[in-house]
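Scroll down for the structure; my scribbles are underneath it.
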Amino acid sequence: VKFGVKILDAAENEWVISKSDVVCVTGSSIVNGTLPQIVDWCNRYGVECVVYGITVKGVAKMVGWDVFCPFGRDSM
């Protein structure tokens, strides 16, 4: 528990996603290899998946996902 909020173990990701309306997925999920499974669970449970951050922006654009990245650029 941090600041009164229970921090869940990653083993509970599927359960949490199944109970969610929207899942916000950080770019670190592409680095640690959890992004494909998270996206699969979102698809399975009909949950909107929003990927965000500069780390995942390139991958998201390559596979055609919408990405939220307010500090990234679309062109140079």
Side-chain angles (χ1 to χ4, degrees):
V1 176
K2 297 288 184 181
F3 306 104
V5 177
K6 182 179 178 184
I7 308 301
L8 301 176
D9 184 271
E12 298 183 66
N13 282 352
E14 182 177 10
W15 177 80
V16 170
I17 290 169
S18 75
K19 304 296 181 193
S20 301
D21 295 320
V22 176
V23 172
C24 296
V25 185
T26 66
S28 61
S29 66
I30 193 69
V31 175
N32 68 25
T34 59
L35 181 63
Q37 184 65 71
I38 291 170
V39 170
D40 285 345
W41 286 327
C42 287
N43 290 334
R44 179 182 305 163
Y45 296 108
V47 176
E48 183 176 354
C49 182
V50 177
V51 293
Y52 68 93
I54 196 69
T55 306
V56 75
K57 187 170 183 171
V59 172
K61 291 296 182 181
M62 287 184 344
V63 297
W65 295 334
D66 289 330
V67 62
F68 175 71
C69 185
F71 299 109
R73 294 190 216 186
D74 288 327
S75 63
M76 296 296 257

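Sequence positions, counted from 1, serve as the residue numbers for this chain.
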statement: Heavy-atom closest pair (Val39 atom, Trp65 atom, distance to 0.1 Å) is CG2-CH2, 3.9 Å
message: With clusters defined by side-chain heavy atoms of hydrophobic residues (ILVMFWY) lying less than 4.5 Å apart, directly or transitively, does Trp41 cluster with Trp15?
response: no
task: Kindly determine whether Glu14 and Arg44 satisfy side-chain contact (heavy atoms from CB on, under 4.5 Å), including the steps that lead there.
output: CA-CA 10 Å; Glu14 182 177 10; Arg44 179 182 305 163; 2.8 Å; yes
message: Using side-chain heavy atoms (C-beta onward) and a distance below 4.5 Å, is Tyr52 in contact with Cys24?
response: yes
task: Any chance you could lay out the side-chain contact (heavy atoms from CB on, under 4.5 Å) test for Phe68 and Val51, step after step, and finish with the verdict?
output: CA-CA 6 Å; Phe68 175 71; Val51 293; over 6 Å; no
field: Gap separating the SG atom of Cys49 from the CG atom of Leu35, nearest 0.5 angstrom
entry: 6.5 Å
query: Which pair of heavy atoms, one from Leu8 and one from Val16, lies closest together, and at what distance?
result: CD1-CG2, 3.5 Å
message: If you compare all heavy atoms of Ile7 against all heavy atoms of Lys2, which two are closest, and at what distance to 0.1 Å?
response: CG1-CG, 3.9 Å
Minimum heavy-atom distance between Cys69 and Gly53, given as atom pair plus value: SG-C, 3.8 Å
message: Are Val67 and Val59 connected into the same hydrophobic cluster when the rule is that any two of I, L, V, M, F, W, Y join if their side-chain heavy atoms are below 4.5 Å apart?
response: yes
query: Would Val63 and Val47 show up in the same hydrophobic cluster when neighbours are defined by side-chain heavy atoms closer than 4.5 Å?
result: yes
field: Closest contact, heavy atoms only, Gly27 versus Val56
entry: CA-CB, 3.6 Å
query: Hey, mind stepping through Ile17 and Ile38 against side-chain contact (heavy atoms from CB on, under 4.5 Å) and telling me if it holds?
result: CA-CA 8 Å; Ile17 290 169; Ile38 291 170; 4.0 Å; yes
field: Any donor-acceptor pair under 3.5 Å from Ser29 side chain to Val25 backbone
entry: no
query: Given the rule in the side-chain contact (heavy atoms from CB on, under 4.5 Å) test, do Thr55 and Thr26 qualify, once you have shown the distances and angles that lead to the verdict?
result: CA-CA 8 Å; Thr55 306; Thr26 66; over 6 Å; no
- prompt: Does CG belonging to Asn43 count more than 12 external heavy atoms closer than 6.0 Å?
  reply: yes
